[in-house]
Every structure is written in structure tokens, then in C-alpha cells.
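Data block below; observations after.
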Amino acid sequence: MFLLVDCNNFFASVEQVFAPKLRNKPLVILSNNEGCIIARSKEAKAVGIPMGAPLFKYRDLIIKHDVTTLASNFPLYGDMSRRVMKILEDFELDLEIYSVDEAFLFIEQELDFLKLAAEIQKRILQWTGIPVSIGIAPTKTLAKVATTYAKSNGSGIVLLKDSQMIESYLKKLDVGEVWGIGHRLKEKLNSFRVKTAYELTQKNDSWIRNQMSVVGLRTVYELRGTSCLKLNEIASQKSILRSRSFTVEIGQLETLEQKIASFADTLGRQLRKYGLVCSQICTFASSNRHHTHVKYVSDSFHIQLTEPSSYTPLLISKAKKSLRKIFQKGVLYKRAGVLVYGLTNEDSKQRDLFSRPDIDEFERKRLMETYDRINHHYGEKSLYFAAEGFIKKNIDKSTSRSGCYTTSWDELLTISLSK
DNA sequence: TCTGGGGTCCTAGGACCC
DNA sequence: TCTGGGGTCCTAGGACCC
């Protein structure tokens, strides 16, 4: 059986752990530039604020219901996630960390699943303050279904086992709610009068294969109770991405180059932090997809490195070279980013047969180590590349950001006691 | 006026091989 | 005038996830 442990309203719950006055209140977490709502407390969901909604469309609702808005604090969420996962590891079961707020457990033997789930739930709440829902079923996709219902059944735990019970749940479930079916496939399925998950399971395999490819067929098998998706315990990351949407659209190559250089720098530091090197790099840029009066432009260009690397000057130069391949004069760019992939461990990297052993390599490594150490000691971007342009310090924003209570000595939580 | 950021996997089509 | 059949690999783009 698969157990899916899913943190409730994760980012909002984390904020509420450290700010008791926000508990049981409507609260939303905002993306960069305060553009989008990326997380909501239960109460914020209740007043009708959807996930991923642009903030400007919901200003009135937010004021009306006195909803608190917070800037996102990913270092804090990341650390709290690590703590939750650590607790799950303590149970010594097969574990797959699926996302920042979800993990699958796989249990081969027969045991009291409800009792175990209750113990997991209790321990995570007690040790971290984060409430979780748990779905238990014979396949991952059905465990997802179970979790959907667990979120609203009071106990936060649902065990989906016998076929009649599964059938009754699938009959209630909108096909678009199924894990692996997004809005495109939902529309398509609806056009064939497939509305519920159950109706989808009744379609024949070749039709599903044609309409939804093998991915969709696997999903349907899983819904029927045949497990196709295994537990992926050692999922090594395949790529690292750094991207941003810009508050002000960018039309100048030089400005865009500076942004790209800064992304490449961040990626270099990230690679070195994990002892990794990348063998490919890709730069992409796109215009505003919400504009209706101008054509949407989105391009990318990949470059293969002759030898895997994490050397920032190289990454910057390749990223800029890649940018120049796609940059179009006259286009206003809204979003851009750099992706590195083909990741391997630095000490096991494949060398280029025809390149000379590089005498400068040792010096480059020392340079990067020193660079990283200075930034670690004196703070992010104390030292940076001229290619990034002049970096202005953040001017204070209207939304407040909580402190990094668990990861920074300078931002420990302070508690005021009144008499 | 204002619309996130970080990932994975699959497929179609083109370039190339013999 | 008429031009094969069987493959592999790579890439961009699109679907999905949280």
C-alpha cells in the first residue's frame, strides 16, 4: 500500500506556526513582485481566493475579509519541509519525498494502516506544528484520490481499499481532479462526455492510449487499482532552473544580459554547493503572454559544454552567448531564465578526450571557493560579477516577509511577554 | 496598471546512419 | 518520368506536477 502524507496549506501553515495571531485567520502568501497568490490558509480558501490567482484581481476580496498578505519565505519553508521529512524517515519505511510538502511511503506487509497514519499525523503536528492529511491506497494515483478526500473528512485520514469503496469515490471525483490530468486533458475528456474519474476508467485502453498517450494510460491503470508508478526513493535531480518575471519589461539586450548573468551566477553557486557540474546550459526568454495586442514570443537556446563545469565565468559567458542567439530587437521581454542540466558529480565528470589537461583548473577552483566563502561570510552578493551590472540593494516593499527563524542566527524568533 | 518559480516526462519531427 | 526501408539520436515544445 502507498501512504501519501500531504501537509495542509503548507506555506500558510508554516507562517502560522511562528505567528500564532495568524492562526484561524485568512492568510495568503505572494509570489515574487507580489504578482500571484501562491498559497492560502483554509480561511482564505473559504472566502473564495483561488490558487495561483493574480493579486490585483482579488484586492477587494482581500480588503473585505481582512486577509493578511505575506511575501514568500522559501528558506523557512524549505527548512520546515526538511524537518517534516526527517520525522517520516524515522518511521524507517520506504520513502519518496515527492515535493516540498508531500511524501509517499510504501508498505509491503499487512498492518493497521489507520493506526500508523494517525501516529504519523500526531507526531508531525506535535514536533513541527504542521497539520497533515494522509491517503492510503494500493496505487499512488489512488493514494492521491484518498488524500483529496482526507482533507475534508475531519480526521484527515482516508484508507481506500475495497473496490466498491474505490468505485464510489471515483464516481464523485471530477476527472480534472485526477493526478496527471490537467486542464487540457480535462477539456478534451469533457468533450467526449467523460466527466468523472469513474467514467474514465470505463473507457477502453486503445482509446485512452490514442487520446492521452502512455502517460494517460498509466493513470487509468492506476485508478483501476493496478500499480504502474513505483516508489522513487533516490530521485536525483536532473536540472536546476533560475528564472524571474520582471516588474518592468525589458527591451534592451544589455539589461537582459545582466539578468541572465545573475541567474548563471546563482546556478554556479548552487552547483558548487552540491558538488555538481553541468554539461549543458540553456537560456530562455519570453514576452508577456497576457498581452493580447502583441504577438507572444518565447525562445530558448541550448549549449553543450565541452567539459562539465560549475565555473561561474564560463556559465555566464555561455548563458550570454545563448541569449544573443534568441534575442530579438523590438521585443519586450517579461520573463527570462537559465537552466543547467546534464548534472554529474564534480569528482566523476567525463573529461574531453582531446582537450589538454588544464593547468588553470586548480586556480579556477580556488577562485570559486574563495568567491563562495566571501559571499557566505559577508552575505549574498557581497561580491559579484561585473556582468551582472550594478546591483541595488532591495528597497523595502509593502508586504512583510517573515524571518528565517530556523536557518539564520540573525533572525531568531523573538517573543514578547506582556505582564 | 498589476498575472510565480521550480521541476519531470513524453512526443513529433528533423537530421543523420546504413 | 520514375527515387527504399529500417533504424538512432537530438531538440523544442507541450503536457503535467507542486
Side-chain angles (χ1 to χ4, degrees), chain A residues 4-11 28-40 49-60 62 69 71-74 77-78 81 96-104 140-141 144 147-148 176-189 209-219 228-229 232 235-249 263 266-267 270 279-280 282-284 286-292 296-304 322 325-326 334-343 397-399:
Chain A
L4 173 60
V5 181
D6 191 329
C7 300
N8 300 343
N9 322 313
F10 184 55
F11 297 168
V28 297
I29 316 296
L30 304 177
S31 66
N32 230 14
N33 307 332
E34 303 178 10
C36 262
I37 292 156
I38 59 165
R40 309 153 296 157
I49 299 172
M51 177 63 177
L55 181 62
F56 73 91
K57 284 189 182 168
Y58 291 88
R59 282 256 194 241
D60 295 346
I62 283 169
T69 56
S72 46
N73 182 347
F74 289 103
Y77 310 150
S81 168
E96 172 186 344
I97 297 169
Y98 176 70
S99 74
V100 71
D101 67 337
E102 279 172 81
F104 286 102
K140 279 180 155 183
T141 308
K144 276 275 189 184
T147 308
T148 307
E177 300 283 300
V178 174
W179 188 43
I181 298 180
H183 76 281
R184 285 275 149 74
L185 277 174
K186 177 193 155 102
E187 269 173 41
K188 189 173 191 174
L189 289 168
R209 171 70 235 245
N210 280 335
Q211 300 298 331
M212 306 168 67
S213 88
V214 289
V215 190
L217 190 55
R218 274 202 290 260
T219 296
C228 303
L229 304 168
N232 193 5
S236 61
Q237 201 173 330
K238 309 253 162 81
S239 63
I240 309 174
L241 171 72
R242 189 74 187 180
S243 73
R244 279 290 175 275
S245 293
F246 311 124
T247 347
V248 182
E249 290 163 11
F263 297 151
T266 309
L267 290 172
Q270 197 125 340
S279 60
Q280 277 136 301
C282 163
T283 299
F284 65 89
S286 46
S287 63
N288 194 328
R289 67 181 200 282
H290 301 286
H291 283 343
T292 45
Y296 175 58
V297 175
S298 179
D299 287 305
S300 63
F301 190 85
H302 301 250
I303 289 179
Q304 171 87 42
S322 169
K325 293 275 187 191
I326 57 170
K334 176 65 182 171
R335 196 170 106 88
V338 178
L339 177 80
V340 291
Y341 56 108
L343 309 181
K397 286 190 167 183
S398 58
T399 319

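Not measured: the values here are computed from a predicted model. Chain identifiers are assigned alphabetically (A, B, ...) following the order of the sequence lines, protein sequences preceding nucleic acid strands; residue numbering begins at 1 within each chain.
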**OP:** Using side-chain hydrogen bond (donor to acceptor under 3.5 Å, both in side chains) as the criterion, list what pairs up with Lys140(A), not counting sequence neighbours.
**Re:** Glu96(A)

**OP:** Would you mind reading off the distance between His183(A) atom NE2 and dC17(C) atom P, rounded to a whole angstrom?
**Re:** 10 Å

**OP:** Quick one: closest heavy-atom pair of Ile49(A) and Val28(A), and the distance?
**Re:** CD1-CG1, 4.1 Å

Original post:
Starting at CD of Gln211(A) and ending at C1' of dA15(C), how long is that distance when rounded to a whole Å?
Top reply: 15 Å

Original post:
Base, sugar-phosphate, or nothing: which does His291(A) touch, judged by heavy atoms less than 4.0 Å apart?
Top reply: nothing

Original post:
side chain to side chain contact (heavy atoms under 4.5 Å, CB included) with Ser239(A): which residues, sequence neighbours excluded?
Top reply: Leu339(A), Tyr341(A)

**OP:** Could you check whether Val248(A) gets within reach of a base, just the sugar-phosphate, or nothing at all, counting any heavy atom under 4.0 Å?
**Re:** nothing

Subject >> Partners passing side-chain hydrogen bond (donor to acceptor under 3.5 Å, both in side chains) against Thr147(A) (at least two apart in sequence or in another chain) >> reply: none

**OP:** Taking ring-ring contact (aromatic ring centres under 6.0 Å, His included) as the test, write out the residues that go with Phe74(A), two or more places apart.
**Re:** Phe11(A), Tyr77(A)

Subject >> side chain to side chain contact (heavy atoms under 4.5 Å, CB included) partners of Arg209(A), counting only residues at least two apart >> reply: Val214(A), Leu217(A)

Original post:
OP1, OP2 of dC16(C) versus side-chain N and O of Lys188(A): anything below 4.0 Å?
Top reply: no

**OP:** Identify all stems in which DNA chain B takes part, counting only runs of at least 3 consecutive pairs (Watson-Crick or G-U wobble, each distance under 3.5 Å), and give each as one range with another, ordered by first number.
**Re:** B:5-18 with C:5-18

Original post:
Excluding sequence neighbours, so at least two apart, what forms side chain to side chain contact (heavy atoms under 4.5 Å, CB included) with Ser298(A)?
Top reply: Ser286(A), Tyr296(A)

Subject >> Rounded distance in Å - CD1 (Ile181(A)) to C1' (dC16(C)) >> reply: 11 Å

Check: protein-nucleotides 4-6 of chain B nitrogen or oxygen pairs below 3.5 Å:
unit_1	atom_1	unit_2	atom_2	d
dG4(B)	OP1	Ser245(A)	OG	3.4
dG4(B)	O4'	Ser31(A)	OG	3.1
dG5(B)	OP1	Asn32(A)	ND2	3.3
dG5(B)	OP1	Ser245(A)	N	3.3
dG5(B)	OP2	Ser245(A)	N	2.8
dG5(B)	OP2	Ser245(A)	OG	2.8
dG6(B)	OP2	Ser243(A)	N	2.6
dG6(B)	OP2	Ser243(A)	O	3.0
dG6(B)	OP2	Ser243(A)	OG	3.0

Polar pairs (N or O, both sides) under 3.5 Å between protein and nucleotides 9-11 of chain B?
unit_1	atom_1	unit_2	atom_2	d
dC9(B)	OP2	Lys238(A)	NZ	3.0
dC10(B)	OP1	Arg218(A)	NH2	2.8
dT11(B)	OP1	Arg209(A)	NH2	3.4

Subject >> side-chain hydrogen bond (donor to acceptor under 3.5 Å, both in side chains) against Asn232(A), all qualifying residues, sequence neighbours excluded >> reply: none

**OP:** Could you tell me the separation between the NZ atom of Lys57(A) and the P atom of dT1(B), rounded to a whole number of Å?
**Re:** 13 Å

Original post:
In chain order, what residues pass the side chain to side chain contact (heavy atoms under 4.5 Å, CB included) check against Lys188(A), with sequence neighbours excluded?
Top reply: Leu185(A), Phe192(A), Gln211(A)

Original post:
Listed by chain and number, what are the ring-ring contact (aromatic ring centres under 6.0 Å, His included) partners of Phe104(A), not counting sequence neighbours?
Top reply: Tyr98(A), Trp179(A)

